[in-house]
2 protein chains.
Amino acid sequence: MIRGGFNLRIDLHDKGMRRAVTRVTIADVSDALGLTKSTVSRALNHYPDISETTRNRVKAMADKMGYRPLSHAQAIRTGLVKSLGLVIQMADHDAQRPFLAEFLAGLSEGASAEGFTLTIATSNSAAATVETFRNMIRDRKADGFILQRTMINDRRIALLRKERVPFVLFGRADQPDDCPSFDILGEVAMREAVLHLVSLGHRHIGFINGGTQYTYAPFRNAGFLRGMQDAGLPVDAACVSQDAVTVADGEAAATEMLSLPTPPTAIICAVDMAALGVYRAAAFAGLVVGEDISVIGYDGVPEGAHVSPPLSTFAVNFKEAGQRLSGLLIRRIRGAKSQDLQETAVPKFLNRGSTGPVLADPNTSIFTKGGNYEN
Amino acid sequence: MIRGGFNLRIDLHDKGMRRAVTRVTIADVSDALGLTKSTVSRALNHYPDISETTRNRVKAMADKMGYRPLSHAQAIRTGLVKSLGLVIQMADHDAQRPFLAEFLAGLSEGASAEGFTLTIATSNSAAATVETFRNMIRDRKADGFILQRTMINDRRIALLRKERVPFVLFGRADQPDDCPSFDILGEVAMREAVLHLVSLGHRHIGFINGGTQYTYAPFRNAGFLRGMQDAGLPVDAACVSQDAVTVADGEAAATEMLSLPTPPTAIICAVDMAALGVYRAAAFAGLVVGEDISVIGYDGVPEGAHVSPPLSTFAVNFKEAGQRLSGLLIRRIRGAKSQDLQETAVPKFLNRGSTGPVLADPNTSIFTKGGNYEN
DNA sequence: CCCCTTGCCGAAACCGGTTTCGGAACGAAC
DNA sequence: GTTCGTTCCGAAACCGGTTTCGGCAAGGGG
């Protein structure tokens, strides 16, 4: 147990010579106190068999000497590497890119607040993603994972559940399940979008939903329907489209709607990128967005602020999402129950230039409105 | 040395019961071969005192049993955690955000190809960034770091050099130094931009440079000057501006230039965001971009593709940059010399709609051109 | 035939922590 | 004054690797 000052002298001598000075180890702390490594370790890890006096002495000395345990040294015994894993799948549509920086900032903040780090990997396909997860689990690269873009029948969830590895969803599971999760209530936004348009006089509203493979799509769809129902408006099936995640998708869907005998006077998109496609379709049809046709998106992509008129949309706080997700995951890793780890938030409406009062035309004139009496 | 099948049986029995099955350890491999741990370890790590026969036997058995050394178990002895560090500073201007996903993809690919992972952290200020580096170094969270957005008098470089931690620059050091680095030759792009505009008849060309704190700024400035010189054109000091990194910056600089007695017929921006600001200034001045005034940017941000007309700019392959940077860093970690680790690439010009032939006006008429004879 | 290399591998220490186990010291109960 | 139960800490094993050191056996030279 006596290690003396010998090592220390050597270290100090080496200091200027070659490498950085040797770290303060747990043995250095225990020697300085006349205790053993095990006592120091247990004192620092809140074991109950250490007296409060000793614990305080140890803490003070560790602090004074600047002792910080090496996470990968602890990992070998505890099995925990104190790291959160994130696998980013480079989607064909690049909708997630603008969010990434903020999302990472939130995750990183939440992680480092608890002494965790963030380990990330990327992949090009769903198959590669699963393989990456498999590798990271095998090599214990992370104690748990954050899953963004939750999908219906998600293979990642199946794998992580099978391997009994903690994870948390950004989004909700397709089945009302026990997964820890944080989600933005897209259905609230979609309903709010409808009611906003209705308040501007719109009665014929189209809806372009996002990718059907994602769990958010049914929710946003339901929110749109709910809004229409609450407003007492009928839903025109020809004015509801699914699975638009790119500008091109949105343009195609909108072009179709605008060529209907009675085209909608407003279109709500579940995804901003699709909304930008609506801009193109409108321009092609000779319609001025914000005057001849109203458009509302969802996501708050930066491109939306630069188009003319600026896109009214719902801003999602991705930084907050990241923070809360890492917090949830860490609590999960530490043993909290899944059902206690489910949080939500609501997106914030950005009322910009792409919505305006409905124009009087044969389809939406006050005379037509009168027709509602028939219902 | 005899560990027998006992552990193994227990493991197999536990398999279905509780946790995932216990990993294959190096002891499992050595036992299966009738060798010792040390022999297996040295065989796998290319020690010269292991016969080729034994090495092959070990490799085959390790492969067959699916043995993969635990990186954090090796780390405790080797000091290497097999991870690359990246600290992302959330700048006030969000110019780097769109690139992030691709950049990370490149880094991740290059890293995982060599069995490394990517550990990232974020920060909100220069001071916080340095502090984050300090923490990550202290806790050995990474074996080396990638520094993006190289600055003049970069505090990160000073720290890493002092701590003798390997790093690689995305960009070039301000002094012709021995730092490992990968850089895109912005000066080549700026010169090319000038020559492209000259080929369209422009002779009065403005230049709005990027952030002066970054090392790229002097290079791009030099490229612009070189282009003007090669074209035999004089540089109007009033048409050269510095330190524009946001849309607002670009708008302000362009507004000033356009209000000159002899405004430029084309403006080159060292940063796309500033170029988008030029669009605004042009619109305010009643000028049509691509007709009344030509604009060229640099970066290839996605917003540039959505404005009207689409912004002509230089596309930077950030994925490739990430891949090469992680490759360089890994070679550096493995001991390669810095001077052997310096690579560059050239950006690719995207000729879109924001440039056009110069209009004949009093300032740029053929008569004025004749004035060059005086030079 | 002996000695000295050389090639090759085993034994054991080591890295920096954590965790189990046992026992000393002390006070309370009988 | 024993006995028993707590409280609290030391000793040692352990985690999964790496690295040093030493020694055995085969081969070559004298």
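Proteins come first, then strands; the chains are lettered A, B, ... in the order of their sequence lines, and each starts at number 1.
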**Request:** May I have the distance from B:Arg77 (atom CZ) to D:dC15 (atom P), rounded to whole angstrom?
**Result:** 18 Å
**Asked** In whole angstrom, what separates B:Leu80's CG from D:dT18's P?
**Response** 11 Å
**Prompt:** Out of D:dC8, D:dG16, D:dG17, which has the shortest distance to the side chain of A:Ser51?
**Reply:** D:dC8
**Request:** Would you indicate which nucleotide in C:dT18, D:dT18, D:dG16 comes nearest to any side-chain atom of B:Leu70?
**Result:** D:dG16
**Item:** Shortest side-chain distance from A:Ile76, nucleotide among C:dG16, D:dG17, C:dT18
**Value:** C:dG16
**Prompt:** Taking CD from B:Gln74 and C1' from C:dC15, how many angstroms apart are they, rounded to a whole number?
**Reply:** 13 Å
**C:dG17 OP1/OP2 closer than 4.0 Å to side-chain N/O of A:Tyr67** = yes
**Item:** From D:dT18, C:dT18, C:dG10, nucleotide with atom closest to B:Ser41 side chain
**Value:** D:dT18
**Message:** Tell me the interatomic distance from B:Asp28, atom CG, to D:dG17, atom C1', rounded to whole angstroms.
**Reply:** 13 Å
**Request:** Answer yes or no: is there a side-chain heavy-atom contact under 4.5 Å between B:Asp143 and B:Val165?
**Result:** no
**Request:** Just compare D:dT18, C:dC9, D:dG10 and give me whichever is closest to any side-chain atom of B:Thr54.
**Result:** C:dC9
**Asked** Among the nucleotides C:dG16, D:dG17, D:dT18, which one has an atom lying closest to any side-chain atom of B:Ala73?
**Response** D:dG17
**Message:** Distance check needed: D:dC8 C1' versus A:Asn56 CG, whole Å only.
**Reply:** 15 Å
**A:Phe145 side chain reached by A:Leu86 side chain, heavy atoms, under 4.5 Å** = no
**Closest approach of B:Ala105 to A:Met90 (non-hydrogen atoms, all atoms of both residues)** = CB-CE, 3.9 Å
**Request:** Return yes if the base of D:dC8 and the side-chain atoms of A:Asp49 contain a donor-acceptor N/O pair under 3.5 Å, otherwise no.
**Result:** no
**Request:** Kindly say if B:Thr39 contacts the phosphate of C:dC9, meaning a side-chain N or O under 4.0 Å from OP1 or OP2.
**Result:** no
**Complete:** Rounded to whole Å, NZ of B:Lys37 lies from P of D:dG16 at a distance of 9 Å
**Request:** Could you check if a side-chain atom of A:Ile157 sits within less than 4.5 angstrom of a side-chain atom of A:Leu147, using non-hydrogen atoms only?
**Result:** yes
**Fill in**
Quick note, A:Ile26 side chain, CB onward, closest among D:dG17, D:dC8, C:dT18 is C:dT18
**Request:** In whole angstrom, give the distance that lies between atom CZ of A:Arg42 and atom C1' of C:dT20.
**Result:** 9 Å
**Asked** So, A:Thr150 side chain and A:Phe170 main chain: donor-acceptor pair closer than 3.5 Å or not?
**Response** yes
**Request:** Send over the distance from A:Asp31 CG to C:dG16 C1', rounded to a whole Å.
**Result:** 13 Å
